[in-house]
Structures are given as C-alpha cells and as structure tokens.
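Okay, structure first, notes after.
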Amino acid sequence: QVQLVESGGGLVQAGGSLRLSCAASGRTFSRYCMAWFRQAPGKEREIVAAIDWNGIRTYYADSVKGRFTISRDNAKSTVYLQMNSLKPEDTANYYCAADDFLGMDLSAYKYDYWGQGTQVTVSS
C-alpha cells in the first residue's frame, strides 16, 4: 500500500503561481511512476503531468506545457507540480497518483493509488 497526501493548493489570481506537493508513505516510492491529474466540476478527470521512476522522462498535457513543471525527490518520497502563469481554466481539484510501473502510463485507470486531492482556484 502507498498513501499519498497532497498539499499546496489554494486561491490565486490569474498569472500567479502555486507549488503542489505530494508526500508518499508506504512501499518504495522510487519504483513508482507518479502523475498529477485534475478534475473540474462537470468534467472528466484529465492527466496534467507525469514523471517516471527516476525523473528522466516526463509528460505534460498540451494545455499546461511550458507553464507547469513536474519533479520528484525520491529521497523525500515527494513529487511536486510547479504551476506558473496560472489561468482561470486551471481551476480544478488536483490529484496525485502512483503507478507501480517503471515506465509511464497516461491513463487514470492504470494508476494504483490516489491522494485525496487539493483544490486550486484561479481567479480572473
């Protein structure tokens, strides 16, 4: 089992920045592919960014490319999402997820463990 706890969400004006953190406990963090998903009211959950077990390979949704950066610190069992130039359309509940896979998956159903989510609200 892996437990994931997100933090760092909040209310920010358009153009501002936030840094989300996801602290993992339980089984060996370094073997997991990690990702951030988001879900806005009335919309499906979508992947935002993913990072493989050693941080070499990353993926970004087109909507956040160039603005968001995913990173991980395996020594701290933590994954981060730095969000810059935030837009109102980034408003959503953001979820951290872990996949027991040394490659990279982009589909939510592939992920084995989920955090409780942290709300990000961007005002215009």
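- At least one donor-acceptor pair closer than 3.5 Å links the side chain of Asn93 to the backbone N or O of Thr118.
- Both cation-pi conditions hold for Arg72 and Phe29: the charged atom is under 6.0 angstrom from the six-membered ring centre and inside a 45 degree cone around its axis.
- Residue Ile47 holds its CD1 atom at 8.0 Å from OG of Ser107, rounded to the nearest 0.5 Å.
- Counting only distance, with no hydrogens or angles, the side chain of Thr78 and the backbone of Lys76 share a donor-acceptor pair below 3.5 Å.
- Side chain of Glu6 to main chain of Cys96: a donor-acceptor pair is present (N/O by atom type, distance under 3.5 Å, no hydrogens or angles).
- Between Met83 and Arg19, every side-chain heavy-atom pair lies at or beyond the 4.5 Å cut-off.
- The residues Asp62 and Lys65 are annotated as salt-bridged, a charged nitrogen and a carboxylate oxygen being separated by less than 4.0 angstrom.
- In this structure, Asp112 contributes its side chain and Asp100 its backbone to a donor-acceptor pair below 3.5 Å.
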### Query
Stepwise, does the side-chain contact (heavy atoms from CB on, under 4.5 Å) test hold for Gln3 with Tyr113?
CA-CA 7 Å; Gln3 293 77 43; Tyr113 305 101; over 6 Å; no

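- A donor-acceptor pair under 3.5 Å links the side-chain atoms of Thr91 to the main chain of Val122, judged by distance alone.
- Two different hydrophobic clusters hold Met34 and Trp53 under the rule that ILVMFWY side chains link at heavy-atom gaps under 4.5 Å.
- Tested against Phe37, the residues Tyr94, Tyr111, Tyr95 include a single ring pair (Phe, Tyr, Trp, His ring centres under 6.0 Å) partner, Tyr111.
- Remark: side-chain polar atoms of Arg67 are paired, donor with acceptor, to backbone N or O of Ser85 under 3.5 angstrom.
- Note that the CD atom of Gln13 and the CG atom of Leu11 stand 8.0 Å from one another [nearest 0.5 Å].
- The main-chain N or O of Gly55 is found under 3.5 Å from a side-chain atom of Asp52 such that the two form a donor-acceptor pair.
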